[in-house]
Amino acid sequence: MSGSVNLPFGRTGVEIGEYRTLVDIDSATETLQQNGVQDAEMRIAGFVDSCPELLNWLESSGREFPWRYTQDPWTVYATEILLQRTRASAVESIFDEFFTRFPSAAAVEDQSEEELRNVIRSLGFVNHRTRSLQEAASLCLETSRGKPPCSLEKLKHPWRVGDYSARATLMFAFDDVQPLVDANFARILARVFGYDMPVQPHKSENVYELVSSLVPDEPGLARAFNLSMLDLGAIVCSPESPACHQCPINAACQFYQSS
DNA sequence: CTCCGGATGT
DNA sequence: ACATCAGGAG
């Protein structure tokens with residue numbers, strides 16, 4: 001049941017012809033046109049056709065964080081809370097200690113709150129995250145024997161577990177195809193398609209709709225696609241001074257073409 | 001829309 | 001000092 005996709009990155013090998021059948025090019029084009037982007041059809045096609053190479057880049061250059069090697073629902077759910085507005089490298093540095101002390105939702109209720117706060121202190125947002133993890137653990141123990149629920153609305157029940165974290169849990173723990181719109185993703189799309197980045201990228205309905213159409217409708221590829229955008233944003237397409245010369249999709253990027 | 005929270009990188 | 005980080009709430 002678990003392990004139906006290849007870890008850590010999912011499925012990274014696919015031909016362009018198959019990939020095209022798994023995304024909604026018409027819907028993506030329509031959404032992009034509503035943003036006032038010229039040549040929307042051509043730009044969407046260019047992006048989609050570059051995605052197989054993007055997945056190859058993930059396979060060779062992606063970040064192999066420990067949480068990418070498991071689909072254990074509690075581990076995925078708790079890790080998403082640890083990752084909120086926090087550098088992934090910071091979470092990596094406490095990952096082993098955290099899941100040694102809190103390998104299950106039950107462990108969070110068994111250990112003292114002070115113990116929990118000590119382990120996550122180096123991440124910041126300690127008050128927020130302590131309450132989130134306690135309520136998440138409680139939810140898991142109430143609803144399904146220590147496992148997080150596989151429903152979007154129920155996953156969002158704990159304090160400060162919102163749309164992104166809930167969808168990420170569905171995607172990475174339950175192989176449920178989801179669009180994961182974070183700040184990185186929005187920045188990349190703004191550059192690739194040449195429109196002004198929304199003030200709250202992860203809350204923009206327009207960006208969300210666009211990403212929904214561009215996520216391939218197959219769990220292994222959807223996992224790889226989402227991870228590739230996270231890593232591209234962190235490694236190559238950084239906020240300041242992006243390394244366009246080493247970007248696997250620069251041929252389809254308006255920012256690169258016009259610079 | 002605005003504001004929030006903390007360690008970390010620059 | 002200031003912006004950023006696998007966002008979220010009011």
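Throughout, protein chains are lettered first and strands after them, A, B, ... in sequence-line order, and every chain is numbered starting at 1.
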**Message:** Set out, in order, the CA-CA distance, both residues' side-chain angles and the distance that settles side-chain contact (heavy atoms from CB on, under 4.5 Å) for A:Phe172 and A:Arg223, then state yes or no.
**Reply:** CA-CA 7 Å; A:Phe172 297 131; A:Arg223 177 185 174 95; 3.6 Å; yes

**Request:** Just do the ring-ring contact (aromatic ring centres under 6.0 Å, His included) check on A:Phe95 and A:Phe65 with the steps written out, would you?
**Result:** CA-CA 9 Å; A:Phe95 183 85; A:Phe65 294 122; 9.5 Å; no

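Using modelled atom types and a 3.5 Å distance limit, the side chains of A:Thr12 and A:Glu59 yield a donor-acceptor pair.
Rounded to whole Å, the distance from CD on A:Glu80 to C1' on C:dG8 is 14 Å. Here the P atom of nucleotide C:dG7 and the CG atom of A:Leu180 are 11 Å apart, to the nearest Å. Between the NZ atom of A:Lys156 and the P atom of C:dG7 there is a distance of 16 Å, given to the nearest Å. To the nearest angstrom, P of C:dG8 lies 14 Å from CG of A:Leu133. Rounding to whole angstrom units, CD of residue A:Glu240 and P of B:dG9 are separated by 14 Å. In this structure, CD1 of A:Ile235 is placed 15 Å from C1' of C:dC5, rounded to the nearest angstrom. The CZ-C1' distance, from A:Arg160 to C:dC5, rounds to 13 Å in whole Å. The distance between atom CG of A:Asp231 and atom C1' of C:dA6, rounded to the nearest whole Å, is 10 Å.
Nucleotides C:dC5 and B:dG5 place their C1' atoms 12 Å apart, quoted to the nearest Å. Taking atom C1' on both nucleotides, C:dA6 is separated from B:dC1 by 24 Å, rounded to a whole Å.
The minimum heavy-atom distance linking A:Leu180 with A:Phe185 is given by the pair O-CD1, 3.2 Å. For the pair A:Val76 and A:Ala168, the tightest heavy-atom approach, listed with the atom from each and the gap, is CG1-O, 4.3 Å.
With hydrogens and angles left out, the side chain of A:Arg68 and the base of C:dA6 share a donor-acceptor pair within 3.5 Å.
For the side-chain contact (heavy atoms from CB on, under 4.5 Å) with A:Ser228, the lone residue among A:Ile188, A:Leu58, A:Ile249 that qualifies is A:Leu58.
Residue A:Arg63 is in base contact, counting any heavy-atom pair closer than 4.0 Å across all strands shown. As judged by a 4.0 angstrom heavy-atom cut-off over every strand, A:Thr79 is placed among residues making no nucleic acid contact. Contact annotation for A:Asn184: backbone-only contact, meaning every heavy-atom pair under 4.0 Å involves sugar-phosphate atoms and none involves a base.
The nearest heavy atom of DNA chain C to A:Ala166 and to A:Pro239 marks one nucleotide each, and the one closer to the 5' end goes with A:Pro239.
Residues from residues 82-101 of chain A lying near DNA chain C, meaning a heavy-atom separation below 4.0 Å, are A:Leu83, A:Gln84, A:Arg85, A:Thr86, A:Arg87, A:Ala88 in numerical order.
Ionic pairing of A:Arg68 and A:Asp231 is present here: one or more N-O contacts between side-chain nitrogen and carboxylate oxygen are shorter than 4.0 angstrom.
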